[in-house]
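Everything below concerns the one structure shown next.
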Amino acid sequence: MDSIKTLKDVNVKGKRVLLRVDFNVPICERRGVVTDNTRIQASLPTVKYLVDHFAKVIVMSHLGRPEGKVKENLRLCKVAKEFSKLSGYKVKKLNYLIGRDVKDEISKMKNGDILVLENTRFYKEEELNDPKFVKKLASLGDIFVSDAFGVVHRKHASTAGIADYLPSYAGLLLEKEIRSLNPLLRDPKRPLTLIVGGSKIATKIGVLQNFMDKTDYFLIGGGLANTFLYAAGYNVGRSLCEIDKKEVAQEIMLEAEKKKKHFILPNDVIVSSEISDNAETLCVPVQSVEGDMKILDIGLMTITRFLDIIKKSKTIVWNGPMGLCELKPFSNGTKQIAKAVAESDATTILGGGDTLEVIRKFGLSFDNFTHVSTGGGAMLEFLAGEKLPGIEVLKKK
Ligand code: ADP
Ligand code: MG
């Protein structure tokens with residue numbers, strides 16, 4: 001941790017601290033509550049540190065994908081409530097991120113006060129890292145603290161841009177993530193198995209290339225597998241699949257073959273024509289998918305194959321569910337993989353919002369894993385050795 005600036009490098013007393021966290025938590029629309037507060041919990045040590053050291057804590061986070069517009073259901077009200085409940089601190093939530101009212105409220109803050117600003121992604125300038133917007137945001141604080149490991153791979157205003165204008169430091173969570181993941185980057189025990197699934201295909205597919213030399217076994221599931229199956233020439237029916245990623249997928253499979261890596265796609269899958277809690281499902285070989293079938297989980301033979309490889313691995317990195325695991329008919333693959341990784345004696349690292357939720361849902365404990373990361377895509381990119389914009393800006397010059 002010699003290379004990046006941390007809270008040890010700054011006296012925060014009396015300072016207005018713009019703290020970027022990743023409070024992008026799942027919320028139950030019907031009950032209006034946060035259903036998994038892992039990510040909030042993960043940043044509490046940083047918040048407590050700042051409060052104990054008499055800072056004025058101004059919290060920024062995104063929630064969901066409002067795409068630059070105000071979406072009532074994506075306001076941070078419920079998140080702020082849960083944050084207050086968990087931390088025991090009084091928390092004031094504002095309806096804006098920038099502007100006069102926000103400035104006024106901040107000027108009234110006393111040392112140790114906590115303010116939560118509105119969803120950063122309600123502003124289209126956030127993801128564009130728009131310089132004017134960045135300046136306005138930076139003008140709210142004296143220093144910037146980044147604790148949002150889940151989004152350090154994004155070059156957004158509140159994750160990276162803001163550091164151009166303010167002295168910037170890593171929070172305790174970010175520091176812990178880097179410390180835990182760093183050794184793995186250097187010298188992982190082999191065989192190393194990378195298990196990737198989920199639906200954020202565009203983010204994850206490119207990363208695989210950078211894993212090529214480190215990895216012995218790639219186990220591919222979830223929506224990501226559908227894209228590879230499609231690229232390999234299979235009919236994937238009406239499955240979630242990114243057609244425009246066909247060429248990238250083909251390149252990756254070719255490179256894996258050249259380098260004699262085991263790049264393993266499902267050879268059987270769970271299909272259904274409807275997505276519901278009581279959907280009828282079939283387990284079929286991948287060659288048999290057709291018509292309006294949707295691939296929604298890995299099949300039984302595939303599970304057995306994946307489990308065999310998990311058993312002989314010395315390092316396992318996992319991000320992304322193997323299927324549409326929120327619904328029972330499609331959750332078995334993810335459940336079996338989660339159990340096997342939890343039982344493994346290997347160094348096990350997993351991450352991602354949905355992946356963490358899965359662990360809780362299946363009643364497994366985080367203690368069963370070597371490191372549980374709050375980042376999914378960010379964790380993969382970090383482990384692949386990529387330079388992450390949100391970490392680069394914290395480097396000592
Ligand atoms: P993480 O948050 O762990 O990084 P992602 O956000 O990439 O994972 O993906 C999680 C989502 O992927 C879940 O909502 C899950 O339902 C979905 N998913 C996984 N496999 C499939 C599939 N075959 N078809 C549709 N959705 C899928
Ligand atoms: Mg997710």
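Both ligands and their constituent atoms are indexed starting at 1 by order of listing.
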Quiz item: Ile391 versus Phe382: any side-chain heavy-atom pair under 4.5 Å?
Solution: yes

Practice problem: Distance to 0.1 Å, residue and atom name: give those for the protein heavy atom nearest to atom 21 (C) of ligand 1. | Solution: Gly223 N, 3.6 Å

Practice problem: Return the residue, atom name and 0.1 Å-rounded distance of the protein heavy atom closest to atom 6 (O) of ligand 1. | Solution: Asp354 OD2, 3.1 Å

Practice problem: If you have a sec, work out which protein heavy atom is nearest atom 14 (O) of ligand 1 and how many Å separate them, to one decimal? | Solution: Glu326 OE2, 2.4 Å

Practice problem: Verify, without hydrogens or angle tests, whether Asp130 (side chain) and Phe133 (backbone) share a donor-acceptor contact under 3.5 angstrom. | Solution: yes

Quiz prompt | Heavy-atom side-chain contact between Val151 and His156 under 4.5 Å | solution = no

Exercise. Please report which non-hydrogen protein atom sits nearest to atom 3 (O) of ligand 1, along with the residue it belongs to and the distance in Å to one decimal place.
Key: Thr355 OG1, 2.6 Å

Quiz prompt | Which residue and heavy atom of the protein sit nearest atom 23 (N) of ligand 1, plus the separation | solution = Ile295 O, 3.0 Å

Self-check item: Region of Thr203 that comes within reach of ligand 1 [heavy atoms, distance under 4.0 Å]
Solution: neither

Quiz item: Under 4.0 Å from any heavy atom of Asn226, which atoms of ligand 1 are there?
Solution: 23 (N)

Exercise. Identify the residue among Ile310, Thr193, Ile195 that makes a side-chain contact (heavy atoms from CB on, under 4.5 Å) with Tyr217.
Key: Thr193

Practice problem: Check the Mg ion (ligand 2) and write out every protein N, O or S atom at under 2.8 Å, as residue and atom. | Solution: Asp354 OD2

Quiz item: What about Ser199: any of its N or O atoms under 3.5 Å from an N or O on ligand 1?
Solution: yes

Exercise. Look up atom NZ in Lys155 and atom CG in Leu388, then write down how far apart they are to the nearest 0.5 Å.
Key: 12.5 Å

Quiz item: Taking non-hydrogen atoms only, is Leu240 closer than 4.0 angstrom to ligand 1 via side chain, backbone, both or neither?
Solution: side chain

Practice problem: Identify the protein heavy atom lying closest to atom 4 (O) of ligand 1, giving its residue, its atom name and the separation to 0.1 Å. | Solution: Asn319 ND2, 3.0 Å

Self-check item: Test applied, side-chain contact (heavy atoms from CB on, under 4.5 Å); reference residue, Leu350; option that passes from Asn368, Val358, Ile359
Solution: Ile359

Quiz item: So do Phe149 and Leu181 actually touch side chain to side chain, heavy atoms under 4.5 Å?
Solution: yes

Exercise. Would you mind finding which of Gly150, Ser239, Gly323, Gly352 brings a heavy atom closest to atom 20 (N) of ligand 1?
Key: Gly323

Quiz prompt | Within-4.5 Å side-chain heavy-atom neighbours: Arg20 and Thr120 | solution = yes

Exercise. Show the numbers, then the answer: is there a side-chain contact (heavy atoms from CB on, under 4.5 Å) between Phe228 and Phe263?
Key: CA-CA 10 Å; Phe228 278 103; Phe263 195 89; 3.6 Å; yes

Quiz item: Is there a side-chain contact between Arg305 and Ile264 (heavy atoms, below 4.5 Å)?
Solution: yes

Quiz item: So do Ser288 and Met293 actually touch side chain to side chain, heavy atoms under 4.5 Å?
Solution: no

Self-check item: Proximity of Lys204 to ligand 1 by residue part, where a heavy atom lies under 4.0 Å
Solution: side chain

Self-check item: Any N/O pair Gly376/ligand 1 closer than 3.5 Å
Solution: no

Quiz item: Does any non-hydrogen side-chain atom of Leu137 lie less than 4.5 Å from one of Met60?
Solution: yes

